[in-house]
Amino acid sequence: MWTFSKLRRRSALKRDDFTRLPRHVAIIMDGNGRWAKKHRLSISTGHRQGTETLREIIRHTSDLGIEALSIYAFSTENWNRSREEVAALMQLILDFFASEIDELDARNVRILILGDKAGLPDKQREVLVQAEDRTCGNTGLKLNIALNYGGRAELARAARELALLVQSGEITPAMIDERAMADHLYTHGQPDVDLLIRTSGEMRLSNFMLYQCAYAEFLFPTVLWPDFTVADYDEALRAYGGRERRFGGRTPR
Ligand code: FPP
């Protein structure tokens, strides 16, 4: 499939080039539609080009030894887009795993799907379950792919699971604390999001990882996702390193 070459790509930084790296990065890959419009291309070409960016960003995140990367690929609200666009995104899921799974596995990446897999078409669900199963023993980068995902739905799901544990007598209501909630999210066992990047200049969370982003640093580069380079990513990671994180206290951590 034809794609634009990454003309703006410059050499990537190494782990030692950073004073401090986030343990968990979350990305809202926004701007595929505007990129397509700007280049007078179809929306599906915009999303396809966005997938090219994604491949580079995953590689670099894994090279840097970052613990977790969460990407917002398809929200529960994205079903409201046109039939053609939804079909193109569903096809991209299949294409992405067909072309990337061998490399991701070889890189020791563990794939986890955040969201309601049951609400996805059979073919996509099978591919996603296969990818999770194949990589479940991997110990490198945790790649969380949010598909048919909504942050509020994730919290409601956690509440439901905890309510069932109370109902069955396994826990008491007093045992439901912040930790218990976190243990019932899709990301259980992972650190909170340290850095959230949303491209295209939009400054919204759009129902993404509401609980995990409680103390995240936010960066909103104006570049559209298909134009976002590894150099832009390094710049964001550098900016994160310069942020003072206090977590509500007075001394930076
Ligand atoms: C937002 O841009 C982007 C999406 C809704 C989809 C993002 C998906 C990918 C980059 C590829 C799919 C990922 C996998 C894992 C296969 P937008 O279309 O809302 O942009 P706009 O605001 O400019 O219209």
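Remember, predicted model here, so these are calculated numbers, not experimental data. Just so you know, ligand 1 is whichever comes first in the structure, and atom 1 is the first atom listed for that ligand.
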- Item | Option of least heavy-atom distance to atom 10 (C) of ligand 1 (set: L54, L147, N78, N32) |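 The nearest heavy atom belongs to N32.
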- Item | Closest to atom 11 (C) of ligand 1 among I71, I93, T51 (heavy-atom distance) |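 Among I71, I93, T51, the closest heavy atom to atom 11 (C) of ligand 1 comes from T51.
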- Message: Looking at K14 and D17, is there a salt bridge between them, counting it only when a charged N and a carboxylate O are closer than 4.0 Å?
- Response: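 Looking at D17 and K14, the cut-off is not met.
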- Query: Are E52 and R55 ion-paired here, with the side-chain N under 4.0 Å from a carboxylate O?
  - Reply: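 Salt bridge: yes.
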What side-chain donor-acceptor pairs closer than 3.5 Å can you find for residues 110-117, not counting sequence neighbours?
unit_1	atom_1	unit_2	atom_2	d
D116	OD1	A118	N	3.2
K117	NZ	E132	OE1	2.9

- Query: Should the proximity of L224 to ligand 1, defined as any heavy atom under 4.0 Å, be assigned to the side chain, the backbone, both, or neither?
  - Reply: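 Neither part.
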- Task: Report the part of R81 (side chain from C-beta onward, or backbone N, CA, C, O) that has a heavy atom under 4.0 Å from ligand 1; answer both or neither where that applies.
- Result: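 Side chain only; the backbone of R81 stays clear of ligand 1.
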With a cut-off of 4.0 Å, which atoms of ligand 1 are near a heavy atom of [X]?
| X | result |
| --- | --- |
| L92 | 16 (C) |
| H47 | 4 (C), 6 (C), 18 (O) |
| A73 | 6 (C), 7 (C), 8 (C), 13 (C) |

- Task: May I ask you to check if ligand 1 and W35 share an N or O to N or O distance below 3.5 Å?
- Result: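 No, W35 has no N/O under 3.5 Å of an N/O on ligand 1.
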- Query: So is there a nitrogen or oxygen of R34 less than 3.5 Å from a nitrogen or oxygen in ligand 1?
  - Reply: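 Yes, at least one N or O pair falls under 3.5 Å.
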- Message: I need the nearest protein heavy-atom contact for atom 24 (O) of ligand 1: residue, atom name and distance, please.
- Response: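 So the nearest neighbour among protein heavy atoms is G33 CA, 3.4 Å.
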- Item | Nearest-contact summary for atom 9 (C) of ligand 1 - protein heavy atom, Å |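 I find the closest protein heavy atom is M29 CE, 3.8 Å.
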- Task: May I have the step-by-step check of side chain to side chain contact (heavy atoms under 4.5 Å, CB included) for E217 and D194, ending in yes or no?
- Result: CA-CA 6 Å; E217 296 293 326; D194 296 303; over 6 Å; no
- Residue list, ring-ring contact (aromatic ring centres under 6.0 Å, His included) with F18, at least two apart or on another chain: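 Per chain and number, F18 pairs via ring-ring contact (aromatic ring centres under 6.0 Å, His included) with no residue.
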- Whether G31 lies under 4.0 Å from ligand 1, heavy atom: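 Contact check G31 vs ligand 1: positive.
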- Where does the angle between the aromatic ring planes of Y215 and F247 fall among parallel (under 30°), tilted (30 to 60°) and perpendicular (over 60°)?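 Rings of Y215 and F247: tilted, 30 to 60°.
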- Using the six-membered ring of F218, assess whether NZ or CZ of R198 lies under 6.0 Å from its centre and within 45 degrees of the ring axis.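 Output no; distance or angle outside limits.
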- Message: Within a 6.0 Å radius of atom CZ on R152, are there more than 12 heavy atoms belonging to other residues, nucleotides or ligands?
- Response: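 Result for CZ/R152: open.
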